[in-house]
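In listed order, ligands and their atoms are each counted from 1.
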Amino acid sequence: MRIESGKQIEHLGAVRIHPVRRLLELDSGTRIPSQLKESAEPQRIERDAIAAVQQKMAIVLPIKDEDLKVFEAVLSGVPHDCLMIVTSNSQRGEIDNFKKEQEILGQFCTATKRNAIIIHQKDPILGQVLADCGYHEVLAEDGLVRSGKAEGMLVGILMSLVLGKDYVGFIDTDNYIPGAVWEYAQHYAIGFCLSDSPYAMARILWRYKPKISGELYFKKWGRVSEITNRYVNHFLSTKGKFETEIIKTANAGEHAMSLQLAKKLSYAAGYGVETRELMAVFEQFSGLLPAADKAVMEKGVDIIQTETINPHIHEERGDDHLVQDMLVPSLSVVYHSPLCEDKTRELISRHLVEMGCIPQGGEMPKLRMFPPPETADTHKLASLMDNYLKDYAVPKGWPVMTSLPAAARKTPEVTRVMFTDLDGTLLHPVSYSYAAALDSVRKLQEAKIPIVFCSAKTMAEQQVYRQELGVKDPFIIENGAAIVVPKDYFRFPFAFTRIIDDYYVIELGTLYAEVRNRLKTLGETGGAKLTFFGDLTVEEVSKVTALNLLMAGFAKQREYSETAIIEGDRKHLQAALAAIKGTGLSYTFGGKFYEVYLGADKGKAVKILTELFKLNFGDVYTIAVGDSPNDEEMLTSVNLPMLVQMANGRWNKLKVKNLKRVAGIGPEGWSRAASELLNG
Ligand code: GDD
Ligand code: MG
């Protein structure tokens, strides 16, 4: 996407208010070398950067008896990577709108292979859990969460926290344009890409909000927004020597926040919520009031405003709703701010009296306020919610547990870890079958012993076995080129290079393209015939490997290394390998083919992962099981190295200290190794 670059940013203490930036291009093309925060304007934000944010973002969809077709269309606009959290206050009972919403979301998620959460605001368990966590203010006398959009949003914020998300965005479910919904979620991600602070807020200005009166007329923006912006700007102008008009999104319903910020703000009830968020930021972080949060003051808070391309068309609810439910609450939160000066208060009162909203000399209504979500016992919330999340998860039975931050789970007692090679070890050297090891796999899982695959196989190939065996532990791919860790597996943060789907990836090896580039410089190979998987079709790979077409396709999806077939006699072979070395690349023999790579290191990968296990679970005892020379590095990096027999019943000759040979070819030997670990 491409966006206008920011002009003059205005400051209020630690708060940086960015002027509205227009989006110029919904799609700015595929990857071209460019710097995210380049100074040249306009700025281009890459798809990868947007996706990385969206994977960590929950989109909260508040709903109260909306048209179900519109709701369904809104769902289709939410980017796939975002986790949807629907918070509903719809009618229940004989006509059960909530049930219909659950069904629609369920069908949508099943069809699109997505997971989501849907929860009714008035769910008695939710009320009980919030009470137990000390977040009483949001509860009514009946013990249930109060009605209102803000209250629904707060439930969404709390759920996002429990589910370990980093960002939360809000999108109304009465929006008629799915393309606009999609665009909002892109804007949110762009906002967070543009901010350096962990405390950021992205607010959206609709370019057009069409009104249907005879013919379609593209009106710039609503009256309520115009008036609210005017008084928020007046408020800001009184804080400095210069008049300002910087705020154009004072009551933007479409907005997002980093959870770090969201959990620190105090909120107002009903539709005053968005204006209140801004006022809360000013009150808490401008430094004008005492008791500022030191950490936030150091990093600063970014308020980023962007203007959309799609028009905003939603359900119109009449002037009365606009004035009474929206304008009065919005202005009330400005009026009642302890930072608001008398001049601004007078203007607001006068305006509302003139509009007939409050009587002359009447009191300005005061909204109910909710304390920052972080004042609730969020750890307790997470562990209590642990028991109920499955009831709110869609599709039914989705194992939400894995999404919970590890801190919220009971610490599993990991004391032993098994690293294992796949081909020829867990998988039979000839049949590729793991059948003989299946019982032992289950026993290790019951004993909570992680099974860490460490093999030349690609991520796609290993995923197949992980899924079939129900293995959920980290894994090492392409001969140590990368360590793949399921998000939320470890409690403590660690450095990673990339996010792929639900995984953090620590890369040690050079990317495939670079390996291929170097192979192009390959000199004289002394008559040997070299063939690379990258040059073969899936059918050809299937033929030479005896893998089925699906697995052959996965085997071709190499990200860090290339597989070479080298044909010729011994002399040819040596010349070819010397030529490969001459390009600066390394190679290893996997039994049939050669893996050519740079930087990958099975031993280093095992050591890094062992450190992560130790950091999170205390001291752990490690074993590794392998069958061939390319397992040497893995075997030398653990407490107990074990070797299984090859297809011919012999053990490979390896240079590994204290190597224990176990009887059994491939998976049979693996089973014995597992028993040693279980009983040892
Ligand atoms: N969970 C929940 N609970 N959702 C609610 C409730 C409630 O009590 N009341 C309304 N909603 C949902 C609606 O179904 C809709 O999806 C969304 O909240 C917004 O409500 P609307 O009634 O459509 O509000 P609006 O269109 O007048 O105002 C919107 O835009 C304003 C300007 O941007 C809202 O988003 C305002 O908050 C915003 O200030
Ligand atoms: Mg609406």
Side-chain angles (χ1 to χ4, degrees), residues 59-68 70-75 77-78 84-92 97-98 101 117-123 126 138 140 144-159 169-177 180-181 184 187 203-211 221-229 232 247-256 267-279 305 307-308 311-334 367-368:
I59 294 289
V60 172
L61 301 154
I63 185 162
K64 183 161 191 285
D65 301 315
E66 297 296 349
D67 184 312
L68 294 171
V70 178
F71 173 55
E72 198 173 1
V74 166
L75 298 181
V78 180
M84 296 183 290
I85 300 179
V86 179
T87 57
S88 174
N89 192 18
S90 299
Q91 182 176 333
R92 307 210 64 177
N97 287 345
F98 178 60
E101 291 159 4
I117 294 282
I118 180 163
I119 186 164
H120 200 280
Q121 210 162 316
K122 303 281 178 191
D123 185 299
L126 173 68
V138 77
L144 306 179
V145 171
R146 294 174 190 279
S147 291
K149 184 197 165 194
E151 293 75 354
M153 285 169 54
L154 271 170
V155 172
I157 292 173
L158 291 166
M159 290 301 244
F170 305 93
I171 294 179
D172 290 349
T173 49
D174 63 341
N175 195 309
Y176 285 101
I177 316 275
V181 169
Y184 299 147
H187 281 246
R203 304 176 72 95
I204 285 178
L205 172 66
W206 312 309
R207 190 160 192 185
Y208 296 110
K209 191 177 174 219
K211 288 264 178 278
W221 67 76
R223 201 159 47 113
V224 175
S225 316
E226 215 169 309
I227 301 170
T228 315
N229 287 334
V232 173
I247 294 290
K248 302 267 194 260
T249 57
N251 61 351
E254 268 62 41
H255 68 290
Y267 294 80
Y271 293 103
V273 59
E274 292 94 2
T275 313
R276 171 63 206 163
E277 282 167 10
L278 269 186
M279 298 308 294
Q305 309 180 88
E307 189 188 78
T308 55
H312 186 83
I313 306 183
H314 69 138
E315 191 60 40
E316 290 298 339
R317 299 183 208 277
D319 277 1
D320 229 30
H321 162 71
L322 284 181
V323 172
Q324 288 306 336
D325 299 342
M326 304 219 0
L327 184 62
V328 174
S330 279
L331 294 188
S332 147
V333 296
V334 183
L367 299 187
R368 182 185 301 281

| task | Output, in order, the C-alpha distance, side-chain angles, deciding distance and verdict of side chain to side chain donor-acceptor pair (under 3.5 Å) for Glu66 and Thr173. | result | CA-CA 7 Å; Glu66 297 296 349; Thr173 49; 4.5 Å; no
| request: Would you check, one step at a time, whether the test side chain to side chain donor-acceptor pair (under 3.5 Å) holds for Glu277 with His255? | output: CA-CA 10 Å; Glu277 282 167 10; His255 68 290; 2.7 Å; yes
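Ligand-side atoms of ligand 1 in range of Ala252: 33 (O), range being under 4.0 angstrom from any heavy atom. Those atoms of ligand 1 that come under 4.0 Å of a heavy atom in Thr173, given as number and element, are 14 (O), 16 (O). Close contacts between ligand 1 and Glu66 involve ligand atoms 13 (C), 14 (O), 15 (C), 16 (O) [criterion: under 4.0 Å to a heavy atom]. Those atoms of ligand 1 that come under 4.0 Å of a heavy atom in Gly253, given as number and element, are 32 (C), 33 (O), 35 (O), 38 (C).
Between Arg368 and Glu151 there is no salt bridge, since none of the side-chain N atoms of the basic residue sits less than 4.0 Å from a carboxylate O of the acidic one.
Side-chain contact between Tyr271 and Leu367 is absent, with no heavy-atom pair separated by less than 4.5 Å. Within the 4.5 Å cutoff, the side chain of Glu274 has heavy atoms near those of the Lys149 side chain.
Looking at His314, its N, O or S atom nearest to the Mg ion (ligand 2) turns out to be ND1.
For the atom pair CG (Leu75) and CD1 (Ile171), the distance works out to 10.5 Å, reported to the nearest 0.5 Å. Separating the CD1 atom in Ile204 from the OG1 atom in Thr249 is a distance of 9.5 Å, to the nearest 0.5 Å. Atom OG1 of Thr275 is separated from atom CG of Asn251 by 5.0 Å, given to the nearest 0.5 angstrom.
Put simply, no part of Phe71 is less than 4.0 Å from ligand 1, judged by heavy atoms.
The aromatic rings of Trp206 and His312 lie parallel to each other, with less than 30° between the two planes, well short of the 60° mark.
Look at Asp174 and the Mg ion (ligand 2): an N/O/S atom of the residue is under 2.8 Å from the metal.
Between Gly148 and ligand 1, at least one pair of N/O atoms sits closer than 3.5 Å. Looking at Ser147 next to ligand 1, no N or O pair under 3.5 Å apart turns up. Polar contact check, Trp206 against ligand 1: no nitrogen or oxygen pair lies under 3.5 Å apart.
Of all the listed residues (His314, Arg146, Glu151, Lys64), Lys64 holds the heavy atom that lies closest to atom 9 (N) of ligand 1.
When heavy-atom distances to ligand 1 are checked against a 4.0 Å cut-off, Gln121 comes that close only through its side chain, counted from C-beta outward. Proximity of Glu274 to ligand 1, defined as any heavy-atom pair under 4.0 Å, is confined to the side chain (atoms from C-beta onward).
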